[in-house]
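Since the structure comes first, as structure tokens, the remarks are kept for the end.
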Amino acid sequence: LSFYTSLTHQTQPEHPKILMELQGAAKMTWQNYQEKGLPERKNYTLPCLISECSFPRINSSAILAYFQEIQRVTVNNHTIQEIIQQLKKLMPQGAPRLNVTVPEDHFEQKCFTSAILQQFSNCMDRIHNAKCSTVAKRNVQ
Amino acid sequence: EVLSEPVPLTPESLKVSINSPRQRLNLQWSVHNFLNHPEQQMIFQIEISRINTSNIIWVGNYSAIVKWNQVLHWSWESELPLECATHFVRIRSMMDDSTFPKPKSWSKWTSWEEVDVHDTLGHDTLFVFPKDKLVEEGANVTFCYVFKSNENNVSCHLEGEQVHGEQLTSNVSAFKLNNVPFIRRTGTNIYCKVNGGEPAAGIVLYVSKILEEPKDFSCETRDLKTLNCTWDSGDDTGLQIQSSQSYTLFESFSQKKKVCKHKNWCTWQVTQDSQGMYNFTLMAENYLRKRSVTLVFQLTHQVHPMRPHYFSVENINSTNATVTWKVHPIGNNSTFLCQVELHHEGQVIQQKNVSIKVHGECLLSEMEPDTHYFARVRCAYGSHFWKWSEWIGQKFTTLEAAP
């Protein structure tokens, strides 16, 4: 779990566990998002990681802001609620709240939601895969 | 004396406005300088053209009794979103009064009133309409794209599948969707994109399940104080932009009404002064439709007594036992018909009917010594049978026979 600890630069021991649970929730949320027939959107991007010195850190405050807005425009989605709860645990003290604006138009709202959920799922997968390759390297040395 | 027909009066001050979400053109006009009649029966003929004035798509008549200088109103629903094409409207009139002999003649047409929305579309280049339209499952819907360029390499997709339409003008194409199905509460996704071009534009078509007439509408009371009405509501027609259907009870004798909180049951307080007969209308309603069913009944014919209580088996010996119980009183001086059953090894071996007021008692006899039995009772309202109450019962064992 040390890899996850470096990802969050947090001192709390449970953070790596939270990230692992977030990865599961992110995948499920994206897979359960049943909106078919939406075009790919490049103009909606999620700032998932903060690149600091040599190691990227998860941008929990930004992601939280995005998911709180998505929750506002989606109908009682429990996994989004779970992601929000987990992200709140990762929030650095006094972190500024990012201002995120969801499109007013319903079709664009769906495109926005779809893009963010997919990017978050991919981002958490990349983190997970990066962790696996780090552990593998350490086992080789 | 038959009057010669006056010169027909051309309608004036024709104004056309748009209700875009409802895809309606709203017309208003008036007729001036009547002769010496305070009011006049007239027929108005309306023509509607699309894209250009020669392309007439609708003609219809509208009759009205017209007062001097009265402003008349009329509206027309377009199957094509009004943003998709320029529309033109003109109108003429004819006297329709028996004092004037036939044949009659039409007035001159007003000039064409043009209704163009394109210049209000905004700075994007690709648009899809209608935005957030709400229809019922099975409806026919027309959508279109408007592309502010004459190249025509735009493709449109319904739930990811490409669909093909009819080109209306060099930069507008219309797509007819027949018998649209319900797909999900968040709506059906439609988008168009310029092949190899900028981001797509899209709309959500909200297709609602059809509101059904409530089924199995029934009311009953357990105490002559509260009526409990239930029904089968069928499909929930709620969508992201339309709340589920609502239900309202209306009682015509008392003229009272109650908006129900639940989608398949509702309670109604029986007041002291209330009548014995009830005529209920249950109204189901959503944004698109209303459905209602009625039910007429006598209150005392719908009594469903509560489960009896204080049930016990007493004076048990080797062959006999006495069961006693109490009913919840209903109204004043009511009687109950109760049914007692004796079971042995899952079989009903005795059944007795007893008429009681509040306290019930029944002797069970001819039983076997040292044997396990189960006794139970249920009751119905004595003056008019509607439903049995729930059962209440108890196991017991007869004593061994004396040596």
Side-chain angles (χ1 to χ4, degrees), chain A residues 25-48 63 65-84 99-123, chain B residues 20-21 81 83 121-124 126-135 143 145 154-163 175 177 180-208 236-244:
Chain A
K27 186 184 289 293
M28 187 192 301
T29 307
W30 167 236
Q31 284 170 352
N32 290 347
Y33 189 62
Q34 296 176 339
E35 291 298 340
K36 193 172 151 223
L38 295 175
E40 190 114 8
R41 276 290 197 253
K42 295 188 172 59
N43 47 328
Y44 301 131
T45 53
L46 174 71
C48 187
I63 299 169
Y66 273 80
F67 272 82
Q68 283 170 331
E69 280 305 300
I70 286 172
Q71 182 184 42
R72 190 176 56 78
V73 298
T74 46
V75 180
N76 48 46
N77 189 314
H78 304 300
T79 46
I80 285 179
Q81 177 60 29
E82 184 196 333
I83 287 173
I84 287 172
N99 205 350
V100 174
T101 312
V102 179
E104 280 302 314
D105 175 80
H106 283 145
F107 184 82
E108 285 306 317
Q109 274 177 15
K110 290 188 177 186
C111 294
F112 174 88
T113 301
S114 174
I116 299 305
L117 294 185
Q118 184 172 25
Q119 288 171 46
F120 184 54
S121 180
N122 294 344
C123 174
Chain B
S20 186
E83 297 87 348
L121 290 188
H123 46 74
D124 288 338
L126 179 60
F127 301 87
V128 184
F129 298 103
K131 286 251 177 251
D132 293 352
K133 187 171 182 68
L134 171 59
V135 295
F143 77 89
Y145 73 72
V154 177
S155 63
C156 293
H157 305 262
L158 168 69
E159 288 288 306
E161 302 294 326
Q162 184 160 3
V163 286
F175 300 75
L177 308 177
V180 293
F182 166 85
I183 290 180
R184 64 181 81 81
R185 291 172 66 107
T186 52
T188 298
N189 300 321
I190 298 170
Y191 72 86
C192 300
K193 66 184 173 78
V194 183
N195 301 332
E198 55 200 78
I203 57 172
V204 178
L205 173 64
Y206 289 97
V207 182
S208 148
D236 181 347
T237 64
L239 294 171
Q240 184 178 22
I241 62 163
Q242 168 183 267
S243 46
S244 298

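This structure is a prediction, so every number in the text was calculated from the model and none was measured. These values consider heavy atoms only, across backbone and side chains, with no hydrogens, waters or symmetry-generated copies. Protein chains get the first letters and strands the later ones, always in sequence-line order, with residue 1 at the start of each.
Of the two parts of E40(A), neither the backbone nor the side chain holds a non-hydrogen atom closer than 4.5 Å to a non-hydrogen atom of chain B. Only the side chain of I241(B) comes within less than 4.5 Å of a heavy atom in chain A; its backbone stays farther off. For N43(A), no part lies near chain B; criterion is any non-hydrogen pair under 4.5 Å. With a 4.5 angstrom heavy-atom cutoff, K110(A) touches chain B only via side-chain atoms.
The CZ atom of R184(B) lies 4.5 Å from the CD atom of E35(A); values are rounded to the nearest 0.5 Å.
Classified by interplanar angle (parallel below 30°, tilted 30° to 60°, perpendicular above 60°), the ring pair F107(A)/Y191(B) is tilted.
Heavy-atom contacts from other residues, nucleotides or ligands closer than 6.0 Å to CD of Q162(B) number more than 12.
For the pair H106(A) and D132(B), the tightest heavy-atom approach, listed with the atom from each and the gap, is ND1-OD2, 2.7 Å.
Under the 3.5 Å distance criterion, the side-chain polar atoms of E161(B) are left unmatched by any main-chain donor or acceptor of G37(A).
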